[in-house]
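Here the structure is laid out as structure tokens; the discussion comes afterwards.
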Protein chains: 2
Amino acid sequence: MDNASAVSRRSRATRQGGLVRDALAADDKFRSAQVVFGQLRSKGEAIGLSTVYRHLQALADSGDADTLQNAEGEALYRLCGSGEHHHHHLVCRQCGRTQEIEGRGVERWASEMAEEYGFTDVNHTIELVGLCNNCSG
Amino acid sequence: MDNASAVSRRSRATRQGGLVRDALAADDKFRSAQVVFGQLRSKGEAIGLSTVYRHLQALADSGDADTLQNAEGEALYRLCGSGEHHHHHLVCRQCGRTQEIEGRGVERWASEMAEEYGFTDVNHTIELVGLCNNCSG
DNA sequence: GGCTATACTGGTAACGATTATCAGCAAGCC
DNA sequence: GGCTTGCTGATAATCGTTACCAGTATAGCC
């Protein structure tokens, strides 16, 4: 109803920006820029590919969207409720359903490993990909 | 001395295959296909880009090489001593130095998460990227 | 050592995702 | 209504990777 909720403070509120955000908001699945573009176009929306990429990146930069890369190296996006809060994902490789998961233990393990081998400023990428209970039949 | 150690059983032993393997064997860092190609060419070796890609993939497929993707989605390769044995990496984002690490705990955590949310056949990608003690100065 | 079948090679074109360009358009402000 | 300037989007350009396919070299056989 009101995707104007988080309107401009430093940037303009545009129709296209709303379209991209709405497309992601439709469900909690990860999708690629190309898919978002295709969905919007097939709904008859007038929007350019460049614009879709721009808004997706903006969302990712601002922390409003999560990002991950599929096996082909394609970037996938999803709206992220938890803001800055650090978390990981359990993604269904079939239907794309996504479960946010937490890993205190993993965070700890990563720090321990970093320390053990003298590494600093360590980032970790951790994604779990499998089949959800709907798709594993 | 003898990169002919693991010779053909179903495939031919070619000069180019040896070159690619040797390039990886030079050290334990991850490198991209483009880099391997560049290194070989600048050493004056005659080899084609396609061939480099082919051999790197073959090595990865046979389990003789580890693979990971950098932030730009480029594929990186490294010879892998541990064969089939499952492990992860702690990679220096500056010099590329790589430390193989084990994560019994992480494996367990991944299984637990999978089970908790009803996911099956779950793969995980876990990479830690930071600065090694040489580069963090 | 020479011969042959065929796997391997590599230059080049094609591909797919992403980014850069830049003239035209429109949101926000007076 | 008019202006400024950020936003848009068609198109070209990038970049890593893969497909093609005619030419070449290897393994095996004589």
Side-chain angles (χ1 to χ4, degrees), chain A residues 2-24 30-62 65 67-78, chain B residues 2-24 30-62 64-65 67-78 96:
Chain A
D2 58 29
N3 58 53
S5 49
V7 204
S8 63
R9 197 165 309 272
R10 63 205 68 188
S11 57
R12 292 180 182 170
T14 63
R15 182 180 56 86
Q16 292 87 340
L19 288 176
V20 171
R21 174 175 277 270
D22 288 349
L24 287 189
F30 277 91
R31 45 175 133 291
S32 69
Q34 301 282 349
V35 166
V36 170
F37 176 67
Q39 287 179 337
L40 289 174
R41 273 299 181 87
S42 64
K43 286 203 319 187
E45 301 289 358
I47 190 170
L49 180 58
S50 319
T51 304
V52 171
Y53 273 101
R54 253 190 306 259
H55 282 288
L56 286 175
Q57 279 184 342
L59 288 169
D61 287 347
S62 70
T67 304
L68 64 81
Q69 248 172 76
N70 68 10
E72 287 79 45
E74 206 175 352
L76 306 181
Y77 302 85
R78 194 188 82 123
Chain B
D2 58 24
N3 59 50
S5 49
V7 204
S8 64
R9 195 164 309 271
R10 62 205 68 189
S11 57
R12 291 178 182 174
T14 63
R15 183 179 56 85
Q16 292 88 339
L19 287 176
V20 171
R21 175 175 277 269
D22 287 349
L24 287 188
F30 277 91
R31 40 172 133 315
S32 68
Q34 302 283 348
V35 166
V36 170
F37 176 67
Q39 288 179 337
L40 289 174
R41 273 300 179 86
S42 63
K43 286 202 319 186
E45 300 289 359
I47 191 171
L49 180 57
S50 318
T51 305
V52 172
Y53 273 102
R54 252 190 307 257
H55 281 289
L56 287 175
Q57 280 185 340
L59 288 169
D61 287 348
S62 70
D64 289 335
T67 304
L68 64 83
Q69 248 172 76
N70 68 10
E72 286 80 44
E74 206 175 352
L76 306 181
Y77 301 87
R78 194 188 83 121

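All values below come from the heavy atoms of this structure, side chains included, with hydrogens, waters and symmetry mates left out. Proteins get letters first, then strands, A, B, ... in listed order; numbering begins at 1 in each.
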Below 4.0 angstrom from OP1 or OP2 of D/dT18, is there any side-chain N or O of B/Y53?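 No, because none of the side-chain N or O atoms of B/Y53 sits under 4.0 Å from OP1 or OP2 of D/dT18.
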
Does B/T14 make a side-chain N or O approach to OP1 or OP2 of C/dT9 shorter than 4.0 Å? yes

How close do A/N70 and B/Q69 get, heavy atom to heavy atom, and via which atoms?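 For A/N70 versus B/Q69, the nearest heavy atoms are O-OE1, 4.3 Å.
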
On a heavy-atom basis, which atom in A/A60 and which in A/Y77 lie closest, and how many Å separate them? CB-CE2, 4.1 Å

Whole angstroms only, please: what is the [atom1]-[atom2] distance between [X] and [N]?
X	N	atom1	atom2	result
A/L76	C/dT18	CG	P	8 Å
B/N70	D/dG16	CG	P	10 Å
A/H55	C/dT19	NE2	P	15 Å
A/L59	D/dC7	CG	C1'	15 Å
B/Q57	C/dT9	CD	P	13 Å

Counting the atoms with a prime plus P, OP1 and OP2 as sugar-phosphate, which does A/Q34 contact under 4.0 Å by heavy atoms, base, sugar-phosphate, or nothing? base

Looking across every strand, which nucleic acid part, if any, lies under 4.0 Å from A/Q69 by heavy atom: base, sugar-phosphate, or nothing?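 No contact.
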
To the nearest 0.5 Å, how far apart are [atom1] in [X] and [atom2] in [Y]?
X	Y	atom1	atom2	answer
B/Q34	B/L56	CD	CG	10.5 Å
B/T67	B/Q57	OG1	CD	9.0 Å
A/Q16	A/R54	CD	CZ	9.5 Å
A/H55	A/I47	NE2	CD1	6.5 Å

Name the one of B/V52, B/T51, B/L40, B/V36 that satisfies side chain to side chain contact (heavy atoms under 4.5 Å, CB included) with B/L19? B/L40

Polar atom pairs between nucleotides 3-5 of chain D and protein, under 3.5 Å, N or O only, would you list them?
unit_1	atom_1	unit_2	atom_2	d
D/dT5	O2	A/R12	NH1	3.4
D/dT5	O2	A/R12	NH2	2.8

Keeping A/R15 on the side-chain end and A/A46 on the backbone end, is there a donor-acceptor pair under 3.5 Å? yes

Is the backbone of B/L68 close enough, under 3.5 Å, to the side chain of B/R78 for a donor and an acceptor to pair up by distance? no

Could you list all N or O pairs between the protein and nucleotides 9-12 of chain D that sit under 3.5 Å apart?
unit_1	atom_1	unit_2	atom_2	d
D/dG9	OP1	A/Q16	NE2	3.0
D/dG9	OP1	A/A46	O	3.3
D/dG9	OP2	A/G48	N	3.1
D/dG9	OP2	A/T51	OG1	2.9
D/dG9	O5'	A/G48	N	3.4
D/dG9	N7	A/R54	NH2	2.6
D/dG9	O6	A/R54	NH1	3.4
D/dA10	OP2	A/R41	NH2	3.1
D/dA10	N6	A/S50	OG	2.9

